[in-house]
Amino acid sequence: MSPILILMTIFIFLFGIVIGSFLNVCIYRIPKGEDIVKTSSHCMSCGYQLRWYDLIPLFSYIFLRGKCRKCGVKLSMQYPIVEALNGILYVLIFYVTDFTVDSFIFCLMTSALLVLAVIDFRTYEIPWGINLFLFVLGVVRCMSDKENLMDHLIGFVAVSGVLLLIYIFSKGAAIGGGDIKLMAATGLLLNWKLIIFAFILGCVIGSVIHLIRMKFFHAGRMLAMGPYLSAGIFIAALWGDTLIDGYLNLLGI
């Protein structure tokens, strides 16, 4: 690996964990309806207003040994996990997509999906603002991929249209409205082929993981689909075309 590539990797990772720090703010404040920009960061236990040196992504947590500087209460492991994971995923995205415009779009998409996944897992609700952000990314992707515009437009309804019918006929009992909006926005962002693959993959991942959670961790039957659909969308965005082509070749199609 060349020195320039190493420096770029470090820069992308550092940028990713900085964004990851903001994602933690979104994860905690959005469900509570709190402002995510103007309100100063503070300890959830004692209210201590964090200084700049308490807010260095990942490193502050390590330096403080996972505790509040003021009251000493143990901080959630979510902070370093989300920050590190966002940084790692950013690096992965840039390497897989070869530093293109899609690299930036997919990074923003991944961060939004990460926030969405954690919030939905905790609250069984997908904030409309995150789906709106993903929709805007979808519009941007359509503009940067005009030669495949029709595939993106079909993707908008390919899965979400079917889910909407299920929602109507089940009167909201079988699927959540947030999941429908999620598949519409990301269907526009990807295309019809990838969003169908993402949905199938997300359902498989969700079924397997939730059965394991029910068996060994006594989880209830109700599950939040957001985290699993997000995983399917991420995988489809990066490797969907390769996996689909490989499967079709295996079938001789």
Side-chain angles (χ1 to χ4, degrees), residues 5 8-9 11-13 15-16 19-20 22-23 26 85-117 126-164 178-205 225-249 251 253:
L5 195 56
M8 290 184 67
T9 300
F11 175 79
I12 293 169
F13 176 75
F15 179 70
I19 299 299
F22 176 68
L23 301 186
C26 295
L85 181 59
N86 198 65
I88 292 169
L89 292 179
Y90 273 26
V91 171
L92 181 62
I93 289 168
F94 271 93
Y95 273 84
V96 172
T97 56
D98 202 24
F99 296 81
T100 62
V101 174
D102 284 345
S103 304
F104 296 95
I105 295 175
F106 288 160
C107 279
L108 293 174
M109 177 198 76
T110 299
S111 291
L113 291 176
L114 191 53
V115 173
L116 180 152
I126 296 177
W128 69 270
I130 298 178
N131 279 331
L132 178 60
F133 178 74
L134 289 168
F135 174 77
V136 172
L137 287 181
V139 173
V140 173
R141 183 90 195 286
C142 287
M143 294 173 62
S144 67
D145 190 28
K146 291 180 181 179
E147 61 271 20
N148 296 308
L149 179 60
M150 187 55 63
D151 288 343
H152 291 282
L153 295 178
I154 296 173
F156 183 75
V157 297
V159 174
S160 62
V162 176
L163 295 184
L164 179 59
D179 297 321
I180 299 172
K181 297 181 183 72
L182 171 62
M183 299 313 289
T186 52
L188 183 67
L189 199 159
L190 301 179
N191 58 49
W192 67 268
K193 181 171 63 174
L194 292 181
I195 200 60
I196 292 173
F197 175 72
F199 179 70
I200 295 172
L201 186 59
C203 290
V204 171
I205 294 173
M225 281 299 296
Y228 309 117
L229 292 176
S230 295
I233 292 165
F234 177 80
I235 294 172
L238 265 62
W239 300 287
D241 286 324
T242 301
L243 293 172
I244 292 172
D245 290 343
Y247 179 70
L248 294 177
N249 289 334
L251 296 178
I253 300 177

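These numbers come from a predicted model, not from an experiment.
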**Student:** How many angstroms lie between atom CE of Met109 and atom CG of Leu89, to the nearest 0.5 angstrom?
**Tutor:** 9.5 Å

**Student:** Which atom names give the shortest non-hydrogen contact between Phe197 and Ala236, and what distance separates them?
**Tutor:** CD2-CB, 3.8 Å

**Student:** Contact between Phe133 and Leu108 at the side-chain level, heavy atoms closer than 4.5 Å - yes or no?
**Tutor:** yes

**Student:** With no hydrogens and no angle check, just 3.5 Å: does a side-chain donor-acceptor pair link Ser111 and Asn86?
**Tutor:** yes

**Student:** Might you work through the side chain to side chain contact (heavy atoms under 4.5 Å, CB included) test for Val101 and Val140, ending with a clear yes or no?
**Tutor:** CA-CA 10 Å; Val101 174; Val140 173; over 6 Å; no

**Student:** Indicate yes or no for a side-chain donor-acceptor contact from Asn249 to the backbone of Asp245 under 3.5 Å, with no hydrogens or angles considered.
**Tutor:** yes

**Student:** For the atom pair CD1 (Ile93) and CD1 (Ile105), what is the distance rounded to the nearest 0.5 Å?
**Tutor:** 11.5 Å

**Student:** Out of curiosity, Leu194 CG to Leu201 CG, how far, rounded to the nearest 0.5 Å?
**Tutor:** 11.5 Å

**Student:** What are the two closest non-hydrogen atoms of Trp192 and Ala158, and how far apart are they?
**Tutor:** CB-CB, 4.0 Å

**Student:** Which value, rounded to the nearest 0.5 Å, describes the distance between Leu137 atom CG and Leu188 atom CG?
**Tutor:** 10.0 Å

**Student:** Within the supplied structure, the quantity of interest is the number of heavy atoms (other residues, nucleotides, ligands) at a distance under 6.0 Å from Tyr247 OH; does it exceed 12?
**Tutor:** no

**Student:** Which atom pair, heavy atoms only, marks the closest approach of Asp179 to Gly226?
**Tutor:** OD1-N, 4.0 Å

**Student:** Okay, side chain of Asn148, backbone of Asp151: is any donor-acceptor separation there less than 3.5 Å?
**Tutor:** no

**Student:** Taking the side chain as every heavy atom from C-beta outward, state whether Thr9 and Tyr95 have any pair of such atoms under 4.5 Å apart.
**Tutor:** yes

**Student:** How are the rings of Trp239 and Phe234 set to each other: parallel, tilted or perpendicular (split at 30° and 60°)?
**Tutor:** perpendicular

**Student:** Give me the atom names and distance for the closest heavy-atom approach of Gly232 to Ala198.
**Tutor:** O-CB, 3.5 Å

**Student:** Drop me the distance from Ile195's CD1 to Leu190's CG, to the nearest 0.5 angstrom.
**Tutor:** 5.0 Å

**Student:** Would you indicate whether the side-chain heavy atoms of Thr186 and Leu229 approach each other to under 4.5 Å?
**Tutor:** no

**Student:** Measure the CE-CD1 distance between Met183 and Ile233 for me, rounded to the nearest 0.5 Å.
**Tutor:** 5.0 Å

**Student:** In this structure, is the centre-to-centre distance between the rings of Phe104 and Phe94 below 6.0 Å?
**Tutor:** yes

**Student:** For Leu182, run the side chain to side chain contact (heavy atoms under 4.5 Å, CB included) check against Leu163, Val159, Leu113 and tell me which one passes.
**Tutor:** Leu113

**Student:** Any non-hydrogen side-chain atom of Lys181 less than 4.5 Å from a side-chain atom of Ile126?
**Tutor:** no

**Student:** Where do Ala184 and Phe156 come nearest, in terms of heavy atoms and distance?
**Tutor:** O-CD1, 3.1 Å

**Student:** Could you check whether the rings of Tyr90 and Phe15 sit parallel, tilted or perpendicular, using 30° and 60° as the cut-offs?
**Tutor:** tilted

**Student:** Can you check whether Phe99 reaches Met8 side chain to side chain, under 4.5 Å on heavy atoms?
**Tutor:** yes

**Student:** Any non-hydrogen side-chain atom of Asp102 less than 4.5 Å from a side-chain atom of Arg141?
**Tutor:** yes

**Student:** Do you know which two heavy atoms are closest between Ile130 and Val115, and how far apart they sit?
**Tutor:** CD1-CG1, 3.5 Å

